[in-house]
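Read the structure below first, then the notes.
These numbers were taken from a predicted model, which means no experiment stands behind them.
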There are 2 protein chains.
Amino acid sequence: MASITNSSQNNSRPYTFTLNQLRKVGLRPTRQRLALAKLLFKDGNNRHVTAEDLHSEARREGIGVSLATVYNTLHQFTQKGLLREVIVESSRTYFCTNTSDHGHFFYEKSGRLLDIPADSIEISRIPPTPDGAEIKDIDIIIRIDS
Amino acid sequence: MASITNSSQNNSRPYTFTLNQLRKVGLRPTRQRLALAKLLFKDGNNRHVTAEDLHSEARREGIGVSLATVYNTLHQFTQKGLLREVIVESSRTYFCTNTSDHGHFFYEKSGRLLDIPADSIEISRIPPTPDGAEIKDIDIIIRIDS
DNA sequence: ATAGCTGCAAATGCTTTGCAAGGCC
DNA sequence: GGCCTTGCAAAGCATTTGCAGCTAT
């Protein structure tokens with residue numbers, strides 16, 4: 001799907017989208033954050049990346065970012081609601097660009113993660129929390145052995 | 001709930017249960033494995049421990065076990081179907097003594113984990129896997145912010 | 001100008017591994 | 001006796017942190 005045009009002209013999300021998005025959540029649109037946000041959101045809302053993934057991708061595209069900054073940025077984005085953390089493996093943390101309510105298919109062998117649209121799965125009879133505590137989130141992971 | 005009798009007389013599971021259980025799955029009943037198994041299963045099937053937890057507990061009771069052996073043992077038990085791994089945090093791995101199908105409440109602040117009986121929750125309309133792959137497991141985690 | 005960011009490298013913390021010594025069958 | 005286990009310490013890895021220098025506004 002690569003084209004000959006340079007990557008900054010090649011995004012479905014225009015520059016101003018990313019920029020405004022950062023401003024809106026109160027993060028200074030620095031070069032690194034802009035670049036990472038563009039990578040993350042350019043193909044719509046269906047990416048699942050690790051810090052390592054995103055760091056490699058950035059470097060591959062010639063963006064100078066340190067791994068530490070990628071980690072910091074991913075956590076900032078998550079905190080601001082631009083990303084969602086998905087915990088499926090103890091060894092790696094995935095970040096998901098789809099912040100709406102949904103579950104995941106997880107291919108354990110390949111490490112691939114796939115969204116399950118909220119309307120294609122349904123939990124009936126959610127039990128009450130033992131102490132009446134408020135539910136923050138419900139994670140559903142369907143594990144697949146391949 | 002502590003009594004004055006020594007801990008080995010104090011278990012709801014008799015010694016031979018643990019011993020046979022180990023034999024049955026093909027693990028040599030060594031001193032360490034027996035001791036850890038007794039700790040894990042003594043209070044029925046509702047424990048959620050980390051390696052660190054179990055290691056501390058063992059040492060508190062005067063059982064000489066190294067942390068590495070606790071890790072190895074937990075993984076062996078898991079592999080043999082005596083335990084189940086629960087992944088809720090990227091920083092820690094929990095092991096659950098309840099191997100039947102069930103979900104979990106997870107109290108994020110305190111790190112407490114609580115079983116959700118399978119019959120008190122239900123997923124309706126499980127979506128087919130994209131490629132017809134076989135489902136290995138479905139994890140349900142209800143996160144609570146306290 | 002200045003508060004906030006970034007990069008690097010070092011530190012951290014959980015988990016795994018290598019290998020010699022010990023224990024079960 | 002022979003093979004599986006254990007223990008320890010060291011290694012491994014993903015992630016976090018401290019701090020000096022940079023940069024948006």
### Message
Regarding B:Glu89 and B:Arg143, does a basic nitrogen lie under 4.0 Å from an acidic carboxylate oxygen?
### Response
no

## Note on the structure
Whole-Å distance, A:Leu36 CG to C:dC5 C1', equals 13 Å

### Query
The side chain of A:Val65 lies closest to which of these nucleotides: C:dC24, C:dC5, C:dG7?
C:dG7

#### Entry: Upstream residue (5' side of DNA chain C) when A:Arg33 and B:Leu67 are each assigned their closest nucleotide
A:Arg33

### Query
Could you state the CZ-P distance from B:Phe95 to C:dT15, rounded to the nearest angstrom?
8 Å

### Summary
note: B:Asp53, atom CG; C:dT15, atom C1'; distance rounded to Å ~ 15 Å

### Message
Once hydrogens and angles are ignored, does a donor-acceptor distance under 3.5 Å link the base of C:dA3 to the side chain of A:Arg28?
### Response
yes

### Message
In this structure, how many angstroms lie between the P atom of C:dG4 and the CD atom of A:Gln79, rounded?
### Response
14 Å

### Message
Using a strict threshold of under 4.0 Å (side-chain N to carboxylate O), is an ion pair present between A:Lys42 and A:Glu61?
### Response
yes

### Query
Is there a donor-acceptor contact under 3.5 Å from the side chain of B:Ser124 to the main chain of A:Glu122?
yes

### Task
Would you mind classifying the nucleic acid contact of B:His75 as base, sugar-phosphate or nothing, using non-hydrogen atoms under 4.0 angstrom?
sugar-phosphate

### Query
Is A:Thr97 reaching over with its side chain to a backbone N or O of A:Arg47, donor-acceptor style, under 3.5 angstrom?
yes

### Message
Let me spell it out: for each of B:Tyr94 and A:Thr30, pick the nucleotide of DNA chain C with the closest heavy atom. Which residue's pick is nearer the 5' end?
### Response
A:Thr30

## Note on the structure
To the nearest angstrom, the CD1-P distance between B:Ile87 and C:dT15 comes to 11 Å

### Task
Measure centre to centre between the rings of B:Tyr71 and B:His55, then say whether the value is under 6.0 Å.
no

### Query
When you check the phosphate oxygens OP1 and OP2 of C:dG22, does a side-chain N or O of B:Arg31 lie under 4.0 Å from one of them?
no

### Query
Taking the side chain of B:Ser66 as its heavy atoms from C-beta onward, which of D:dC8, D:dT5, D:dT25 lies nearest to it?
D:dC8

### Message
Looking only at the side chain of A:Tyr71 (C-beta and beyond, no hydrogens), which of the listed nucleotides D:dT5, D:dT15, C:dC25 gets closest?
### Response
D:dT15

### Query
Can you check the B:Glu89 CD to C:dG13 C1' distance for me, whole Å?
13 Å

### Task
Could you check which of D:dT17, C:dG7, C:dC5 has an atom nearest any side-chain atom of A:Asn72?
D:dT17

### Query
What's the closest nucleotide to the A:Thr93 side chain, out of C:dG7, C:dC24, D:dT15?
D:dT15

#### Entry: B:Gln32 side-chain proximity, nearest of D:dT6, D:dT17, C:dC5
D:dT6

### Query
Looking across every strand, which nucleic acid part, if any, lies under 4.0 Å from A:Thr50 by heavy atom: base, sugar-phosphate, or nothing?
nothing

### Task
Please report, rounded to the nearest Å, how far the P atom of D:dT16 is from the CZ atom of B:Arg92.
14 Å

### Query
B:Leu34 CG to D:dT6 P: how many Å, rounded?
10 Å

